[in-house]
2 protein chains.
Amino acid sequence: MNIYDIAEKSGVSIATISRVLNGGKNVSQKTYDKVMAIIEEEGYTPNIFARGLGLDTMQTIGILVTDAKDTYYARMISYLSEGLHSLGFNVLLSSTGYDLKSKKREMELLISKRVDAIFLAGSSQQELKGNTHIKEAAKTIPIIMVNGYIDAPGIINVSSNDRAGIYDCIRKLSASGYQKPLYFYNHATYSGAEKIAGFEAAAKELGLAKVKERIIQLPDTLTGMQARVEQVIASGLDFDAVVASEDLLAVAASKALAGRKLDLPVVGFNNSILAEVSSPTLTSIDNMLESLCKMAVELFHERSLGKDTSSRVTIDCKLAVRESFRPEE
Amino acid sequence: MNIYDIAEKSGVSIATISRVLNGGKNVSQKTYDKVMAIIEEEGYTPNIFARGLGLDTMQTIGILVTDAKDTYYARMISYLSEGLHSLGFNVLLSSTGYDLKSKKREMELLISKRVDAIFLAGSSQQELKGNTHIKEAAKTIPIIMVNGYIDAPGIINVSSNDRAGIYDCIRKLSASGYQKPLYFYNHATYSGAEKIAGFEAAAKELGLAKVKERIIQLPDTLTGMQARVEQVIASGLDFDAVVASEDLLAVAASKALAGRKLDLPVVGFNNSILAEVSSPTLTSIDNMLESLCKMAVELFHERSLGKDTSSRVTIDCKLAVRESFRPEE
DNA sequence: CTGAAAGCGCTAACAA
DNA sequence: TTGTTAGCGCTTTCAG
């Protein structure tokens, strides 16, 4: 069933069918109704390839993510695709893993599939240095960094202010009497570096010595994390609070501390369901993921409409207060 | 840059370029090498639309899911797309929500995009009754139900044996001396119904009276769930163990019980990170999601190769034992 | 092993 | 308002 069949059945030319299909401009109401009726009746759908061939667009956006099953990225995917969807786009999803080679490969693949733009979801999509493949791609196709930042023409950057998020949190701990915080992280990403910078800045203001020793990397599994935190406790390092780069690390810390009967403030990051599930429930820095994604889609939309939008937008974090730390006023 | 340009630069016809592009059958090694060199040099990629127009396939699979940010569905998406990807397919993702209308709409959209097959991920994609739109679609395009079951021609069904999973779990509780279990659930889906059936069957064998009263629906938020469980405890209902249809419900139950200083066995479902994060850690029925997805992709692959595969495969669950319940041997 | 040419189904410029 | 027709870039017979 193609446009010719419909044309024949309707007794008009394919051009008229095409017009009807594309909104019905310059078509008499009578013809429009007649054609529409036949289209419905036959259950005809225009061939997307033929259409794409002419227009060179398939109304499809590519989303690149390092690990689609990670709760955090999953939420990104969901919010982004929701927004894009309501703009009439479909979403082509690619989970790249953390290897640069395959990130590049997937990117090329998406470009060769003629997607209309690429959203790079999560700061792990960008390297700490270089990123020439992204800059290069941006010359061909709109690139939107969601929670990342690359300063190059054509790239739209939307990110949460993670640095300030951590910084403010340390300040609040300090104001509540906890002046010897520890910082746990696991992945070294762009946003990871930002968070550490926030910690360092606040630690310096607190006059803490040997700040580097307070910034501790944890392994990837929950039990591994817990074991490492226990080591840290056993090492006798003097601390009175814990801030983590992700809720899961905060959970591990919380469990290890509980095991030692230590009741210290613990703060996570992302404000995920894990913070709610943990006992005690965890105070967590909320990086406003949904707003972030909405904003990313919005900026892309405006840009594609030809507006001269900002190429970098930053959103502030909020502290979601729960049992593990209640700041004093 | 198109096939004509490459043909000109190579001094051969477009037909030869096309042959090279499609594996190089019936092309001399010499010509092949020459053309390949030019293709690489120019960084040429064939236009996917033109190709699709001729072949009527874009090597793209649609995945339909009710809520992409739900951890469980996110994992499905990840495993499925991983498998499909290694088969050379791209993934078009659509998050439909729980409304039937929009499920239908998204399905039609995917079909109109000429995807090569549709994976329906999660039993919430199917209705408890009817499902004519799925059966109808299956006439046009291969449909794969991941954790669902619809008996109609052309539909491949892969699911975990949730009924037996719950049944066996109740048996184990019983063998360990807990013979008055409660069952918590929240969504009424196909797999939800299976789980309840498993509970009822086991409860009947235990000789429990008023089984219906032991099957309790909880609301959607964690705090709401906890509150409801507390009500149940307060109501004086006689029980000595809890089994839930999802880990989050088990977490809620665990928290509510802990609040009342009740130390009873609690078992969740899905064996998610929540079970690990919870304190005490939760024993959980693992429905082998990864195997399930791998199997779904595998079956689709075989089917598309023309093999006459089974149209229904069931995978047994396993109990992931943690602190909240250790079955006695 | 290679080339010429006929589609694939649609859009859009141009005519009428 | 409607129709005619020339592409869009590729695959695939069919000849040679």
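We name chains A, B, ... by the order of the sequence lines, and we start the count at 1 in each one. Just so you know, these numbers come straight off a predicted model, no measurement behind them.
- Centroid-to-centroid, the aromatic rings of B:Phe119 and B:Phe89 stay 6.0 Å apart or farther.
- Out of D:dC10, D:dT11, D:dT4, the shortest distance to the side chain of B:Asn47 is found at D:dC10.
- Residue B:Thr16 places no side-chain N or O under 4.0 Å from the OP1 or OP2 atom of C:dC1.
- Between A:Ser18 and the phosphate of C:dA12, there is no side-chain N or O to OP1/OP2 separation shorter than 4.0 Å.
- Between B:Asn2 and D:dG9 there is a side-chain N or O to OP1 or OP2 distance below 4.0 Å.
- The distance between atom CG of B:Asp56 and atom C1' of D:dC10, rounded to the nearest whole Å, is 14 Å.
- Look at CD1 on B:Ile14: it is 17 Å from C1' on C:dC1, rounded to the nearest Å.
- Annotation: of the two residues near DNA chain D, A:Ser13 and A:Arg114, the 5′-most nearest-nucleotide partner is A:Ser13.
- Of the candidates C:dG3, D:dG9, C:dC10, the closest approach to any side-chain atom of B:Ala15 belongs to C:dG3.
- Counting only heavy atoms from C-beta on, B:Arg19 has its side chain closest to C:dT2 among C:dG9, C:dT2, D:dC10.
- At the heavy-atom level, A:Asn22 lies under 4.0 Å from the strands shown only through sugar-phosphate atoms.
- Distance A:Glu8 CD to D:dG3 P: 13 Å, rounded to the nearest Å.
- Across all strands shown, A:Ile17 has no heavy atoms under 4.0 Å from either base or sugar-phosphate atoms.
- With hydrogens and angles ignored, no donor-acceptor pair under 3.5 angstrom links the side chain of A:Tyr4 to the base of C:dC8.
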Checking B:Lys103 against B:Glu106 for the salt bridge (charged side-chain N to carboxylate O under 4.0 Å, His left out) test, could you report, in this order, the C-alpha distance in whole Å, the side-chain angles of both residues, the deciding distance, and whether it holds? CA-CA 5 Å; B:Lys103 285 183 199 166; B:Glu106 293 307 312; over 6 Å; no
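- At a threshold of 4.0 Å, the pair A:Asp99-A:Lys101 does not count as salt-bridged, since none of the basic side-chain nitrogens sits closer than that to a carboxylate oxygen.
- Taking atom CD1 on A:Ile3 and atom P on D:dT4, their separation rounds to 14 Å, with Å as the unit.
- When rounded to the nearest whole Å, the span between CG of B:Asp5 and P of D:dC8 equals 11 Å.
- Separating the CG atom of B:Leu55 from the C1' atom of D:dG9 is a distance of 12 Å, rounded to the nearest angstrom.
- When rounded to the nearest whole Å, the span between CZ of B:Arg51 and P of C:dC10 equals 21 Å.
- Atom CG in B:Leu53 sits roughly 13 Å away from atom C1' in C:dA6 (whole-Å rounding).
- Contact annotation: the side chain of A:Asn90 never approaches that of A:Ile61 to less than 4.5 Å [non-hydrogen atoms, C-beta and beyond].
- The environment of CD in A:Glu42 is crowded: more than 12 heavy-atom neighbours from other residues, nucleotides or ligands sit within 6.0 Å.
- Distances shown here put every side-chain N or O of A:Thr31 at or beyond 4.0 Å from the OP1 or OP2 atom of D:dT1.
- Distances from the side chain of A:Asn26 to the nucleotides D:dT2, D:dT11, C:dA12 place D:dT2 closest.
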